[in-house]
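Have a look at the structure below, then the notes.
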Amino acid sequence: MTNTNKASIPSKVFIEQVTLLYIKPPGHALVLFIPALFIYWLSKDYVNAIMTLTWFGALIIISVFRFADISITRTKILTVTDYEGLEKRFALGSTLIGATYGLGLFLFLPHLPQLNQIAILSMVITVVPVAMVSFSTNKLSFLLFFLPALGLPIFQCLLQGDFFHFYIALFGIIYLYGIMTLYDWNHDFLTEAINLRLTNQELVTSLTNTNKQQEALNKRLEAISTVDGLTNLANRRYFDDALQRELLRAQRAKTPISLILLDIDFFKQYNDEYGHLAGDNCLRLISTVLQENVKRPGDMAARYGGEEFCIIMPDTDQRGVMKLAEQIKQDVESLNIPHNKSRITNHVTVSMGIASMVPGLQVTTNTLINAADKALYTAKKDGRNLIRSSNIASSSEETPE
């Protein structure tokens, strides 16, 4: 309801109490005009006309200004920051209404017949509980209305000195005490209800934020658990899950699936010559080449382990996977990473083994991995910086080319 997220609970309770004064329908500020009309009607034949009209006009003016103030403030309540100022303004209006009522009764009662006095005091007694509801969340405003509105007539009755007015004053004092006790109980109950609601709201917000943080942490942990920290490619664990998933999909759809195993040639010698930091940088550069080439939805590059990488290519036959492998090989050579300990050239190169098939039901992920691994072994045996492939029949037979 209000922009008080950073306020303490007691401050929020106060803000809520003041806000409730203004968000109620502003018509209650004009309701007090009705008993004023009744009092004027009972007094006009016995009290000076100028006095009664002045009193009645003052009540109308004050009520209209209060109605306008509450109506305007009500439309801006969500942007208010000075709630103490709002409380004081509302309390001032309550004081003016209560004091005007009380002063009028103080002046009128001595001139009225007893029956009229009883009728007017009965009206005041009826109005006070209505005010208690209107001011239920703000004790200051209620007291500043209630005490002068009822206290001044009681004081006037005591000044009369007769038994009739004495009994009325005694009843008024008892009524005053009863209303105050009832108001305190009602005010404390509402305050506690607001406090409990705001406390619960804060706990729910805190729990929601904690859950969101936990979800974000879980997602981060999940991402960390599936990504290789050095190359930012998928790690071996994620590769195993993805390969199993894509193999099952290929079996159901009876579509081809291909796998590339890639190994950096003479990487141990590279580390010995240039150091492990340079070796890590070399791995990052190779992974960048893979990321730039493996773009098709469903395809996935991963770090298989050490200096080995792998690429899963669903719905791809041997011709398609060979085209990608040749592009990767060319791009790696284009990096022109120096490698003085290479036995085939003076820069970093890679060897690749490819396995392609339309998998039958008996085919497992090991079938693909073993075939690609054997093809990679052949590429190394034949001199490195080469690409070799294996065609695998759906019966899982392997026939290296």
Between the main-chain N or O of N366 and the side-chain N or O of N370, is there a donor-acceptor pair closer than 3.5 Å? yes
Would you give the length of the straight line joining atom CG of L53 to atom CD1 of I60, rounded to the nearest 0.5 angstrom? 9.5 Å
Kindly compute the distance separating OG1 (T137) from CG (L21), expressed to the nearest 0.5 Å. 4.0 Å
Using only heavy-atom distances, determine whether the side chains of H165 and Q117 contain a donor-acceptor pair under 3.5 Å. yes
Could you give me the CA-CA distance, side-chain angles and deciding distance for M352 and R388, then say whether side chain to side chain contact (heavy atoms under 4.5 Å, CB included) is met? CA-CA 6 Å; M352 282 179 271; R388 294 290 183 262; over 6 Å; no
Taking ring pair (Phe, Tyr, Trp, His ring centres under 6.0 Å) as the test, write out the residues that go with F142, two or more places apart. F146, Y183
What side chain to side chain donor-acceptor pair (under 3.5 Å) pairs are there with at least one residue in residues 245-265, not counting sequence neighbours? E246-R249, S258-S356, D263-K380, D265-T349, D265-S351
Note, Y175 side chain near I154 side chain (heavy atom, < 4.5 Å): no
Return yes if a side-chain donor-acceptor contact under 3.5 Å exists between E273 and N340, otherwise no. no
Measure the spacing between OG1 of T52 and CG of L42 and express it to the nearest 0.5 Å. 12.0 Å
Result of checking Q17, H187, E87 against N138 for side-chain hydrogen bond (donor to acceptor under 3.5 Å, both in side chains): E87
Heavy-atom donor-acceptor pair, N209 side chain to T205 backbone, under 3.5 Å: yes
Answer yes or no: does atom OH of Y238 have more than 12 heavy-atom neighbours from other residues, nucleotides or ligands under 6.0 Å? no
Determine all donor-acceptor pairs shorter than 3.5 Å in which one atom belongs to a side chain in residues 33-41; sequence neighbours excluded.
none

Less than 4.5 Å apart, side chain to side chain, heavy atoms only: is that true for Y46 and P113? yes
Could you check L283 against F309 for side chain to side chain contact (heavy atoms under 4.5 Å, CB included), going step by step and ending with a plain yes or no? CA-CA 10 Å; L283 291 172; F309 297 86; 3.9 Å; yes
Heavy-atom donor-acceptor pair, R303 side chain to G306 backbone, under 3.5 Å: yes
Short N-O contact, E202 and K12, less than 4.0 angstrom: yes
CZ of F155: more than 12 outside heavy atoms within 6.0 angstrom? no
If you apply the rule salt bridge (Lys or Arg N to Asp or Glu O under 4.0 Å), what do you find for K268 with E307, and how did you get there? CA-CA 9 Å; K268 181 180 182 304; E307 70 274 19; over 6 Å; no
Regarding T367 and T364, is there a side-chain donor-to-acceptor distance under 3.5 Å anywhere? yes
Give a yes or no on whether a salt bridge exists between D228 and R236, defined as a side-chain N under 4.0 angstrom from a carboxylate O. no
For the pair R384 and S342, evaluate side chain to side chain donor-acceptor pair (under 3.5 Å) and give the outcome as yes or no after the intermediate values. CA-CA 10 Å; R384 302 181 188 261; S342 174; over 6 Å; no
Inter- and intrachain pairs under ring-ring contact (aromatic ring centres under 6.0 Å, His included), touching residues 263-285, at least two apart: Y270-Y274, Y270-H339
When you measure from the side chain of Y22 to the backbone of L86, do you find a donor-acceptor pair of N or O atoms at a distance under 3.5 Å? yes
Check the orientation of F108 and W55. Use parallel for under 30°, tilted for 30 to 60°, and perpendicular for over 60°. perpendicular
S287 side-chain N/O to R284 backbone N/O, donor-acceptor pair under 3.5 Å: yes
Between the CD1 atom in I369 and the CG atom in L243, the distance rounded to the nearest 0.5 Å is 5.5 Å
Between Q330 and E326: side-chain donor-acceptor atoms closer than 3.5 Å: no
Between N116 and S43, is any pair of side-chain heavy atoms under 4.5 Å apart? no
Centre of F90's six-membered ring, under 6.0 Å away, within 45 degrees of the axis: is that where NZ or CZ of R66 sits? yes
When you compare the side chain of L368 with that of M357, does any pair of heavy atoms fall below 4.5 Å? yes
To check you understand the geometry: which heavy-atom pair defines the closest contact between T54 and I50, and what is its length? OG1-O, 2.6 Å
Flag the pair I118 / F164 as yes when at least one side-chain heavy-atom distance between them is below 4.5 Å, and no otherwise. yes
Could you check whether any side-chain heavy atom of L285 comes within less than 4.5 Å of a side-chain heavy atom of I337, counting everything from C-beta outward? yes
Anything under 3.5 Å between a donor and an acceptor, one on a side chain of residues 290-298, the other on a protein residue two or more places apart or in another chain? List them.
{"residue": "N293", "atom": "ND2", "partner": "V289", "partner atom": "O", "Å": "2.8"}
{"residue": "N293", "atom": "ND2", "partner": "D331", "partner atom": "OD2", "Å": "3.1"}
{"residue": "K295", "atom": "NZ", "partner": "E292", "partner atom": "O", "Å": "3.3"}
{"residue": "R296", "atom": "NE", "partner": "D299", "partner atom": "OD1", "Å": "3.3"}
{"residue": "R296", "atom": "NE", "partner": "D299", "partner atom": "OD2", "Å": "3.1"}
{"residue": "R296", "atom": "NH1", "partner": "T316", "partner atom": "OG1", "Å": "3.3"}
{"residue": "R296", "atom": "NH2", "partner": "D299", "partner atom": "OD1", "Å": "2.8"}
{"residue": "R296", "atom": "NH2", "partner": "P314", "partner atom": "O", "Å": "2.6"}
{"residue": "R296", "atom": "NH2", "partner": "T316", "partner atom": "OG1", "Å": "2.5"}

Would the distance check show the side chain of T73 and the main-chain N or O of I70 forming a donor-acceptor pair, the cut-off being under 3.5 Å? no
Is the closest side-chain heavy-atom distance between F239 and I311 below 4.5 Å? no
Using a 4.5 Å cut-off on heavy atoms from C-beta on, say whether the side chain of S63 contacts that of I97. yes
More than 12 heavy atoms of other residues, nucleotides or ligands under 6.0 Å from CG of L207: yes or no? yes
Approximate separation, where rounding is to 0.5 Å, of T365 OG1 and L247 CG: 7.0 Å
Those residues that, when tested against E84, pass side-chain contact (heavy atoms from CB on, under 4.5 Å) (two or more places apart): F14, D82
